Structure formats: C-alpha cells, structure tokens
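Just so you know, residue 1 is the first one in the sequence shown, and it goes up from there. Order of appearance sets the numbers: ligands from 1, and atoms from 1 within every ligand. Keep in mind that this is a model prediction, so the values were computed, not measured.
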Amino acid sequence: MEHWSTQGLRYLKGVGPKVEEKLHKLGLTNQRDLLFHLPLRYEDRTYVSPLGSLQPGQRAQIEVEVLQSAVNFRRQGRSRRVLVAKLADNTGVITARFFYFSARQQQMFEKGNWLRCYGELRMAQGEIEMIHPEAELIDRDKPAPLHTTLTPIYPTTEGLHQLSLKRILQQVITSLKSAGIAETLPQAWLDQNGFPDFTSAMLDLHSPQSREVSEMIAQNRHPAQHRFVVEELAAHRLALLERRRHLRSRPTPRIASDDVMQQRFLEKLPFALTGAQQRVLAELLQDFATGKPMIRLVQGDVGSGKTVVAALACLPVIGSGYQAALMAPTEILAEQHLQNFSAWLEPMGISVVGLVGADKGRKREQKMTMIASGEAQVVVGTHALFQASVEFKQLGFIIFDEQHRFGVDQRLALQKKTRNDEMPHQLIMTATPIPRTMAMSIYADLDYSQIDELPPGRKPVTTSIVSEQQRASLIARVAESCRDGGQVYWVCTLVEESEVLQCEAAEITYESLTRQLPQLSVGLVHGRMKPRDKEAVIAAFKKGDIHILVATTVIEVGVDVPNANIMILENPERLGLAQIHQLRGRVGRGARESFCILLVKNQLSEQVRNRLDIIRSTQDGFEIAEKDLKLRGAGEVLGTRQTGEMSFRIADLLRDQQWFPQAEALAKLMLQPEHREERSELLRNWIGDRQDYTDVG
Ligand code: ADP
Ligand code: MG
C-alpha cells in the first residue's frame with residue numbers, strides 16, 4: 001500500500017475539491033507536504049490579561065463583557081461600515097473595531113454578551129483598541145479551560161480558515177504519531193550536531209506537548225527548529241548550486257579580449273577608473289576568458305560607477321561579433337543608460353538602440369528588425385526586452401541593472417532570446433548591499449564582486465530632519481540655492497502604498513511650488529505620466545532648464561544629474577532606510593555641497609526619529625543596509641529575490657545567520673554520491689516544484 005505520507009490530500013477529512021485547490025495554492029500536493037507547512041508563529045492563549053494591563057503593539061487574550069456596540073459609517077475607503085464595540089472587565093474598558101465583519105460577529109458583539117477575545121492591540125486617538133479580534137462566547141461563571149501550550153498559527157490563504165487548516169493538519173500529525181516516517185538525513189550528521197530525528201522534531205513544531213517546549217520554539221531556541229532551519233538553508237543552497245552547475249555546463253559565446261577598443265574607450269572618458277572599477281572590470285574579463293557562462297553579481301553603493309564598468313565589458317562582446325543587452329527597471333533609467341551608452345559607444349562606431357514599452361508601431365518594427373538582424377549591437381531597454389516578439393541575432397551578454405527588481409523568470413525569458421543554444425553571459429548589478437555571509441547563502445549561484453570605492457571628489461551629503469512647520473523657510477532656502485545655480489529634487493512619498501495617491505501628492509506639491517516660486521522653473525515627473533513626457537522632463541532637468549524637479553519615488557534608482565545638490569524627501573518615515581539611502585544617492589554627485597532634507601510631519605515617535613537618525617549619521621550603504629535588515633527583515637530589503645522566489649518556510653535569513661556554516665556543511669555532505677537519494681528528498685521536501693531553481697530552459 002502507498003505510504004500515508006505520499007497519499008493525496010483528498011484522503012483527508014475536510015478536503016473537497018475547493019479546499020484542495022486552496023491547499024495547492026499554498027504549494028501543498030500530498031500529505032507529506034502538509035507536514036512541511038510549518039507554523040508561522042505561536043500565540044499565547046494560556047492566560048487571560050486584565051484590560052488594565054494591556055499595552056499597544058502586543059497580542060492578548062481577554063475576557064470581557066460587551067458594554068455597547070454600534071455599526072458606524074465611514075465616508076471614504078472601500079468598506080464603509082465599521083463595527084465598534086466597548087468591552088470591559090473589572091480593570092478597564094477598551095474598544096474592539098472591525099472594518100469588515102459577518103452577521104455572526106455582529107451578533108456575538110451584542111450588548112451584554114461575555115466573550116473571550118484574542119487579538120492585536122493598537123493605539124488610536126489615545127485609546128487602546130483591539131482590531132478584528134477572534135472571539136468566542138463564554139459562560140462568565142465557568143469559562144472553558146484555557147490552552148496549556150502555545151497555539152501554532154499557520155500561514156494560510158484567502159478562503160481557507162485557520163481552524164479548517166488546523167483540522168486537516170491534525171490528521172496528518174496523527175498519522176505521523178502512529179505510523180511515523182523514515183528519517184531523511186544521515187543519522188551520523190544528526191548525532192554529531194545533536195539534532196532530533198525527523199518524526200519527533202515535526203511533532204514538537206506542530207503540537208508541542210509542554211509549555212516549556214512551546215516556549216522554546218516561540219523563542220527559537222528549540223533543536224527541532226534548528227534542525228529544520230539548517231535543512232532548509234541547505235536545501236536552498238543545493239538548489240542554487242544545482243542551477244549554477246546546470247547553467248555553467250551550457251555552451252557559451254566565446255569572447256576574445258580586445259585591449260585596443262578598451263584603450264580607445266578609456267582615452268575618451270573624462271575621468272580615470274577607480275581602483276575598484278578596474279579590479280571589477282578585470283574580474284569580468286577574466287570570466288569571459290574561462291569559456292564558461294558568466295553569472296556575476298556586482299554590488300556597488302549608489303554612485304560607485306557601475307554603469308561605465310558595464311559599458312566597458314560590452315566592448316569585447318561586440319568585438320567578438322555578439323550583441324549585448326542592458327536591462328533597466330524603469331524607463332527613466334533605461335533612457336539615461338541609453339544616453340550614456342550612446343555617448344560612449346557610438347563615437348567608436350558601435351550602434352546602440354533603446355527599446356522601451358512606449359515604442360509602438362513603425363518605430364518599434366524598425367528597432368525589432370535592427371535587433372533581429374544584428375545591426376543593433378547594444379540594446380538598452382526595460383522589461384520590453386522580455387517580450388516574446390523581440391528576437392536577437394546573437395545575444396552574447398546581458399546586463400541586469402538593479403537586479404533585485406527582476407525575477408528569475410524574467411531573466412530566464414531573456415536567456416531564451418538567443419537563437420542558438422548558447423547561454424549568454426550574465427552580469428547583475430545592484431546597489432543593495434548584502435552582508436557577506438548572507439550573500440554567500442542567497443547568491444550561492446552567482447559569483448560576487450564589489451565596487452567598494454566611490455570616485456574621488458565626492459562630498460558627503462549633509463542630511464537633516466526638518467519639520468513641516470519650517471516648510472516656508474525651506475522653500476526660501478531652496479529658491480536661493482537655485483538662484484545660485486543649484487538644482488533640487490523634491491520627492492513626494494506617501495504613507496499609503498498607492499501609486500495614484502503618490503502621484504496626486506506630487507501634483508499638489510508641484511502646483512504649490514510653481515505658484516510660490518514664479519521666477520524659477522519647476523518640473524514634475526511621476527509614474528503615471530506618458531513615458532515620452534517623463535523623458536522630456538528628465539532631459540530638461542539634466543540640461544539645467546528645470547530648477548526644481550518634483551517627483552515620486554520613480555527617480556529612486558540610477559538617475560544621474562551631477563549638478564543637483566539638494567534632495568527634499570517628504571514623509572520619509574515609512575520608507576525603508578535603504579530606499580532613503582538610494583534616493584539620497586541622487587545628490588552629492590557633483591562639485592557643489594549637497595544636502596538631503598527629510599521633511600517630516602510635526603510629531604515623530606522616538607522610534608521613527610531613531611531610525612531617521614541612522615540615515616543622518618552615516619553615508620555607508622552597508623551599515624545602513626544591516627540596520628535596515630534588522631528593522632524590516634530580509635524580504636523587504638532584498639526585494640523579490642527573497643519574497644517571491646526564495647520564500648522560506650522556517651529559516652529567517654537574518655535571525656538564523658548562526659546556522660549558515662552548518663547549512664553549508666550539510667549541503668556539501670549531501671553532494672556526495674552516496675547521499676544522492678537523500679539529496680533529492682531534501683530538495684523535494686523544501687523546494688518542491690518551485691521550478692525556477694532548476695529549470696533553466
Ligand atoms: P551607480 O553605481 O550608482 O550606477 P553611476 O554609474 O551612475 O553610479 O555613476 C555615477 C556618476 O559617477 C556618473 O556621473 C558617472 O559618470 C560618474 N563616474 C563613474 N566612475 C567615475 C570615476 N572613476 N571618476 C569620476 N566619476 C565617475
Ligand atoms: Mg546605476
């Protein structure tokens with residue numbers, strides 16, 4: 001008979017076609033997969049907190065009487081009805097608030113009912129509120145017994161309730177208890193590291209038997225967790241190494257070095273390369289010389305001069321008869337790269353073509369023909385390059401600028417752009433600094449270079465925090481600097497993640513600045529404008545025809561206008577530190593003394609002020625990134641590579657850094673031929689069918 005763990009989900013009670021579909025959405029296809037669907041966190045429902053003791057920010061369980069409740073109406077927003085209830089025990093009163101609710105919830109929160117609620121507390125208008133509490137009716141004289149261990153909470157998906165998911169999981173846990181499962185890792189390795197066996201480790205995580213165990217797990221101190229963290233990190237590493245091996249085994253364009261072209265390029269360049277740029281360029285040329293596909297990540301802080309290195313690396317590619325492509329994350333940036341590449345390469349007789357989404361009709365046709373015939377030797381563009389209709393004659397080299405915005409899928413799509421079977425060389429450039437140990441783990445498939453030096457003559461940017469009240473004097477100061485020949489970025493960000501609102505805010509600021517500073521020329525650029533209009537505005541700013549450029553965060557990456565010396569950032573509070581640092585990198589590129597002004601609302605919490613102080617006190621991208629990682633977690637800072645493609649079930653790249661060495665050792669062990677089967681098991685368990693790692697087209 002089939003082992004229980006490989007049986008389909010439909011054998012479980014409570015799994016019909018609908019639920020099965022939801023489970024598939026979570027990446028779960030058989031019963032064993034359910035075991036690997038580990039709790040996200042644990043909630044403490046072992047005691048009841050008196051209302052008088054509650055703190056905002058914590059989660060708590062309370063037992064309360066409903067004093068009153070009402071459905072209020074809000075004017076804006078999508079959901080208009082709000083259920084508000086006053087809850088009390090004999091130590092205090094709080095409010096419960098639902099922005100969406102069912103009839104059942106409304107009934108439950110009727111005046112006079114006694115409830116046990118669990119939820120997160122927040123401060124609103126000076127009072128503590130519980131938002132969307134989970135609630136059950138209780139008998140005030142003899143409430144149901146409390147939990148004795150912490151309650152696991154599982155990641156789930158819309159339409160699959162936590163409790164239903166738990167009921168399904170419970171059946172699998174019962175099978176595991178009674179029938180067990182074969183160990184998946186070499187016993188000697190487990191013993192050596194003092195890690196528990198598979199079955200007991202799984203049981204501990206899903207249904208901790210004592211309060212002590214559940215608390216250790218909640219605090220990340222339990223060996224069961226450590227075992228799986230190491231396992232998962234090792235699995236990811238193996239998957240990445242596997243992908244690398246696969247890539248590197250493919251035939252690749254043979255690129256011959258070309259000192260003459262390089263010499264000609266450098267002679268015309270108005271500056272000399274820094275030591276770091278020279279070193280990294282040499283590494284790239286060395287990659288070409290190996291005859292295997294280059295897969296290299298170049299990290300360099302904002303302004304370190306990555307673009308020119310990329311352009312230099314294109315020379316031998318073109319000299320060898322291949323095409324090169326440069327892909328940028330935004331049209332603004334693509335346009336700027338196009339200008340630079342054209343200015344550098346066209347005088348050398350190299351044809352450079354730009355391709356963005358806005359290119360339509362005949363113009364687009366023409367460009368496509370040039371790309372397909374090989375007449376276009378360098379193609380600079382946005383994601384438009386990915387479109388299936390774009391065909392290259394002989395693509396030999398792809399540069400991804402600010403790659404953390406591109407997914408692997410997109411990278412794969414471009415690799416398929418070559419007609420022959422050759423794997424183009426790949427260079428990925430990013431300003432996002434990643435701590436070394438982490439880079440080794442998440443970029444195990446890439447070689448890594450760093451431009452760790454800024455061009456000479458850069459002046460540090462003086463950063464200050466200015467409050468909204470001082471707006472008028474700030475505008476006066478800006479005007480004065482512009483009359484002095486300087487230029488200003490005025491960046492509008494918004495607390496809410498809405499592009500529309502962000503553009504609106506920029507429009508409002510643009511209009512008021514235009515009105516207040518009639519003698520100056522103010523420009524506006526935002527994401528909802530037509531690409532051609534955006535380009536025209538940026539071009540005018542570059543030429544110095546615009547003094548103040550009001551913008552949204554569309555200018556975050558790469559925009560390079562050396563004469564701009566003041567950056568004003570509205571509402572910087574909600575931006576990540578690394579993002580602020582990126583934005584600030586737009587100034588301090590020329591000879592003028594430069595300023596970054598964080599324009600904040602009048603009241604800042606101490607926490608926010610401390611965060612902004614980090615930006616104020618350091619210019620070091622690495623330091624800022626490390627602190628940002630601590631504050632916001634890896635997913636946010638590193639972008640898609642973390643969140644989309646490399647989501648972890650149990651490991652946390654930041655928290656679990658101490659386990660990297662063990663994970664590396666385990667991965668190495670599993671690569672030995674005698675562990676072949678266990679290796680595929682490990683990959684199947686942790687990576688599953690997430691093809692992006694192994695399927696390289
Ligand atoms: P990033 O690494 O942020 O992409 P860029 O490539 O846009 O940086 O370079 C920033 C600016 O520095 C550009 O104006 C570029 O021309 C200039 N630059 C690059 N390398 C040097 C150098 N070695 N000396 C002086 N200026 C340089
Ligand atoms: Mg750049």
The one among Leu333, Asp560, Leu273 that brings a heavy atom closest to atom 14 (O) of ligand 1
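Among Leu333, Asp560, Leu273, the closest heavy atom to atom 14 (O) of ligand 1 comes from Asp560.
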Can you see whether Phe595 has Arg477 sitting over its ring - NZ or CZ less than 6.0 Å from the centre and within 45° of the normal?
yes
Is there a polar contact between ligand 1 and [X], counting only N or O atoms under 3.5 Å apart?
X: Val302; result: no
X: Pro562; result: no
X: Lys306; result: yes

Between Ser257 and Phe288, is there a side-chain heavy-atom distance shorter than 4.5 Å?
no
Kindly indicate whether the side chain of His526, heavy atoms from C-beta on, has any atom under 4.5 Å from the side chain of Leu524.
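Yes, close enough: below the 4.5 Å cut-off.
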Charged N-O contact under 4.0 Å between Arg471 and Glu570:
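Judged by the 4.0 Å cut-off on N to carboxylate O distance, Arg471 and Glu570 do form a salt bridge.
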Hey, which atoms in ligand 1 end up nearer than 4.0 Å to a heavy atom of [X]?
X: Thr307; answer: 4 (O), 5 (P), 6 (O), 7 (O)
X: Ala272; answer: 22 (C), 23 (N), 24 (N)
X: Ser304; answer: 2 (O), 8 (O)
X: Thr274; answer: 23 (N)

Is it the case that Tyr322 and Glu422 place a side-chain donor and acceptor less than 3.5 Å from each other?
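Their side chains do contain a donor-acceptor pair, which is all the 3.5 Å distance test asks for.
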Between Arg589 and ligand 1, find which residue part has any heavy-atom pair under 4.0 Å and reply side chain, backbone, both or neither.
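The part of Arg589 near ligand 1 is the side chain, not the backbone.
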Pick one: which of Ile546, Val522, Ile548 meets side chain to side chain contact (heavy atoms under 4.5 Å, CB included) with Cys482?
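So, applying the side chain to side chain contact (heavy atoms under 4.5 Å, CB included) to Cys482 and each of Ile546, Val522, Ile548, only Ile548 qualifies.
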Does ligand 1 have an atom under 4.0 Å from some heavy atom of Gly585?
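Gly585: no contact with ligand 1 (<4.0 Å).
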Below 4.0 Å from ligand 1: does a non-hydrogen atom of Gly303 turn up there or not?
yes
If the plane angle is over 60° it's perpendicular, under 30° parallel, otherwise tilted; pick one for Phe265 and Trp344.
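If you compare the ring of Phe265 with that of Trp344, the planes turn out tilted.
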Going by atom type alone, with no hydrogens or angles, which donor-acceptor pairs under 3.5 Å involve a side-chain atom of residues 269-278 and a protein atom two or more places apart or on another chain?
| from | atom 1 | to | atom 2 | distance (Å) |
| --- | --- | --- | --- | --- |
| Thr274 | OG1 | Gln277 | N | 3.1 |
| Thr274 | OG1 | Gln277 | OE1 | 3.3 |
| Gln277 | OE1 | Thr274 | N | 2.8 |
| Gln277 | NE2 | Gly305 | O | 2.9 |
| Gln278 | NE2 | Leu273 | O | 3.3 |

